Structure formats: structure tokens, C-alpha cells
Amino acid sequence: MDFEIKKIDEWRFLIPKAGAMRVPGLIFSSSELMPNIKDDQSLQQVVNVATLPGIVKHALAMPDIHWGYGFPIGGVAAFTMENGIISPGGVGYDINCGVRLLTTSLLANEIRPKIKELISALFKAIPTGVGSRGRIRLSRGEEKKVAVQGASWAVKKGLGTKEDLERTEDHGAMQGADPSVVSDRAFKRGHDQLGTLGSGNHFLEIQAVDEIYDQKIADAFYLFEGQLAVLIHSGSRGFGHQICDDFLKEMGTHVKGLGFNLPDRQLACAYIKSNMGKRYLSGMACAANYAWANRQIIMHWTRETFEKVLGINPSDLNMEPLYDVCHNIAKLETHVVDGKKLALCVHRKGATRSLPPGHPDVPERYRKVGQPVLIPGDMGTCSYVLAGSQKAMEETFGSTCHGAGRVLSRKQAIKAAKGRAISRELEDKGIIVQSRGKTTLKEEISEAYKDVSLVVEAVHMAGLAKKVARLRPLGVIKG
DNA sequence: ATGTTC
């Protein structure tokens, strides 16, 4: 490594501008988490991102940073609309991968005897695994509508309510989506995958709220101790993956003609203002909308499954989305930089938006306390709810962490789990798990991840979001 | 993440 790391305070580490870097790197971490990343490639990736045209202030990294395609996962980078670039590698292969948390009026303890039955029914209702096909077959015309309308497409089809949309980031629809830039292959891959969970770290978990850190905000979020909740983690499936793939290929050639050097070919990009940049944004928005429709539909089937298995009315279940956030996206936003309002394209790759109290884009019901920030942990530990902050607006373009972050690669994790019965290990901890394949569970063992509590503590202490509640898993379905 | 090497 040929760069320096300076400790600013307990929670901030600076990589001073050097060589081809246009801005310094700023890492949010802690003395406990820093050793995890010092030897991997992710900090070099922060340095690489800092060389890209039009980058503003800092190349940022959250405490859950780890190695990714070109850009690190757990990274944030903002570029001016005027001179900046947009890069598929800064968004990630799973465009609009994200999480949606559902609250209920049920007590977890009362439902505990039913968890196994619920998990089994959810596993039947929601297809999981790589290449899994859903219960919906979309004609090309309908699939284009999904790509433009997002979650509201599902609501129009009776799969949810208008209120659900109000509790979804951007109302579950990104503007500027243009299906004409999406390849035939992407549409083919997406036509039967709506309402499917996928594989890897995607999951659906039944959880119990087990600790409240901020009572006032918890009240505003309708969270209470002992409450039964459901967390859905999924994305844009093969549809978004293909869109990313298509644009990476195109931009790989395109970027060679732009006259600047890339430290890594995986940083393929285009100027935001160029036709190529605009086309990517339009395609990315299609994938983002597909993902929002996907999580909306998965939620609808989750509601139906709970009502059926528990034999209760919707009004007694009261299963409502607390919020739905995306953590793989690039967005056009206005931020104050050095006292000046600037139009920026903010890349959040494995990072969550964290809007402060009073911000107009926070749903009205939460506006006084800030945007809900949902942080899934690894399988078998816990997840967190936080609230957005002003400090995040000032330091990270309104962003915070997105999860635990890997410490072992998938290969290393499979090796570490060799010969172990992971589902049995989880059952011994009181967590019922049902998965399509054994390999996914091995890839996802707890040891493969950083301690999510340390990650959340680091962003809380840095002021990038405020801890509200912790949730423990009771049951999980996986790919 | 991903029809896990079109």
C-alpha cells in the first residue's frame, strides 16, 4: 500500500490526497474495526475512487467497508453534475438491493410456537435461490410498466396499498426510468423473477424487537420491546444484474476515449451529462423500480402468509412497512458543499441514505425524528433500526452504513464452514432456518461478517445516524 | 449480487 492513514478522532480516519487523488479519502471506522480492513484491498479502492473526475470533498467509506467490484462496498462518492462521472461499479451489480422492515401489533413471545410453521409457509409462498422463478409471468409490456412505475405497479395490481408507497424511499419509484435503454436479455431474465428473494445475503427474517435505545423515536416508528417484525432483504435479481453487466461492457470501451487514466478497469464510467451517462441512469432507474416492486410483492405475500397461518384479520396483524431503503444506488441530489449548493450524483454502494429531522424527503409521519435507517446484520446475530442525522448531511452527503460487511470472502466462508451443519447450529441458538441450498448458509455464517453492533456503534458515535432499536432473529428463509 | 464461466 502506498498511501497514508491518519487518525482524526476515535471514529474518523483520513487518507491524505496524494498522487492522482483529486480529493482525500475519509474512512468512518473504529479502533476495533480498522484492523479488519487494513490488509484488504478496500482502502486502495477508496484511493482509486478519489482519482475519478468531478469527485467532491472526499471518497468516503463506512465502517462496514469491504472489497467490491471497482468501488468498495460500504462506499459513498459524490460527483458534480457539471464535470463528474457516473459508474456502474459505484452502484453495484445488484441495483437497488435494499431492505424493508415490517412491524406488527403482535408480541413475539406469543407467536414463538408458530415460527416453524410460518417459516415453512413463507418458504413456499416466496421463491428463493439463484435463478428462482416467481408466481408472476410478465408480458414485455407489463415488465416495462414495472420498470417505470416501481412499487406502485404492484399496488395497482392489488399487491399492497397506497400507504405502503408513502413508507418507501422515493415512494418506490425512481424518476427518469426509460425501458428503451434496457436490453432484450435483461427483460428475458426479469420476466419471471418478480416476487422472488434471490440468493447470497438476501433473506426474509422473522424478528423480535429486543432493545430500544431511543424511546421517542421508537414511538414515532411504532416500535416497541417484544414486538414481532419481519425484515426483507432483496434486490433487482437477474434484471438489474444484466443491466449492470450491459453498461459495464459498453462503458469499458467508452471510457478509453475520455482522456483520463483509470487506476482499475473496473471503474469504467461515463460523464453524467453525456448520452452514455444519461442512458445508464435511465437503465439503473428501471432496475431500481424492479427491485422496489419486488420487495413490495414479497411483503404482500408475507402479509397473506401470516394471516393464513395465524388465522387472523389484517387489522389484528397490522403488518405495515416501517420503511424501505435502498443501499445500492446513484442519486441526483442537491448538497451544500463549502457553503454552496451543488447539484451532485451521489453513489451509495453498500451505504444507506440518512436524512435528518425536518428534511422534506422524509415521510411526514417521521419528519420530526428523521428518516428510518435499516441495518441488517448477518444471519443469526441481530439487525438495527437507526434514524438519519444532520451530521450525515454535513459529512457524508446524507449517508451511513448498510450492514455488517464481510471479513471473509464467500470462498473463505465455505471453507470455514466445511463439515458443519449450519442450520443445526442456528437452531441451537433458537433460530429456525429454511434454505434452498446448503452452500448459501455456509457463505453466510456469522464468522464471515464483522460484528454489526460494532459497525452500528461506529456510525452512531460518529453521528451519521442515531441508534433506535435492535432486533433479534427468530426464523429466516434464504436462497 | 448473478441462468455462481456467453
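Note that the structure is predicted; figures quoted are calculated from it, not measured. Numbered from 1 within each chain, the chains take letters A, B, ... in sequence-line order.
For the segment residues 239-256 of chain A, residues with any heavy atom less than 4.0 angstrom from an atom of DNA chain B are, sorted by number, A:H241.
Applying the side chain to side chain donor-acceptor pair (under 3.5 Å) rule to pairs touching residues 54-72 of chain A yields A:D64-A:H402, sequence neighbours excluded. Contacts classified as ring-ring contact (aromatic ring centres under 6.0 Å, His included) and involving residues 282-303 of chain A (residues at least two apart or in different chains) are given here: A:F239-A:Y290.
Between the OH atom of A:Y69 and the P atom of B:dT4 there is a distance of 17 Å, given to the nearest Å. The interatomic distance linking A:R237 (CZ) with B:dT4 (P) rounds to 12 Å, in whole Å. Rounded to whole angstrom, the span from the NZ atom of A:K411 across to the P atom of B:dT2 amounts to 19 Å.
Within the nucleic acid shown, A:G92 has no heavy atom closer than 4.0 Å to any nucleic acid atom. At a threshold of 4.0 angstrom between heavy atoms, the contacts of A:G200 are confined to the sugar-phosphate backbone, with no base atom among them. Among the protein residues, A:Q193 comes within range of the sugar-phosphate backbone only, with heavy atoms under 4.0 Å from sugar or phosphate atoms but none that close to a base. Using a 4.0 Å heavy-atom distance criterion, A:S199 is classed as a sugar-phosphate-only contact.
Evaluation of the salt bridge (charged side-chain N to carboxylate O under 4.0 Å, His left out) rule for A:K331 yields A:E169, A:D170 as partners, not counting sequence neighbours. Not counting sequence neighbours, the partners of A:E333 by the salt bridge (charged side-chain N to carboxylate O under 4.0 Å, His left out) test are A:R348.
The 5' end of DNA chain B is approached more closely, in terms of each residue's nearest nucleotide, by A:R406 than by the other of A:V130 and A:R406. Judged by closest nucleotide on DNA chain B, A:G238 is the one of A:R185 and A:G238 placed further toward the 5' end.
A donor-acceptor pair is defined here as one N or O able to donate and one able to accept, closer than 3.5 Å; such a pair exists between the side chain of A:S236 and the backbone of A:I95.
At the phosphate of B:dT4, neither OP1 nor OP2 sits under 4.0 Å from any side-chain N or O atom of A:R410.
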Please tabulate, for side-chain N and O atoms in residues 260-269 of chain A, each donor-acceptor pair with protein atoms closer than 3.5 Å (sequence neighbours left out).
unit_1	atom_1	unit_2	atom_2	d
A:D264	OD1	A:Q266	N	2.9
A:Q266	OE1	A:G70	N	2.8

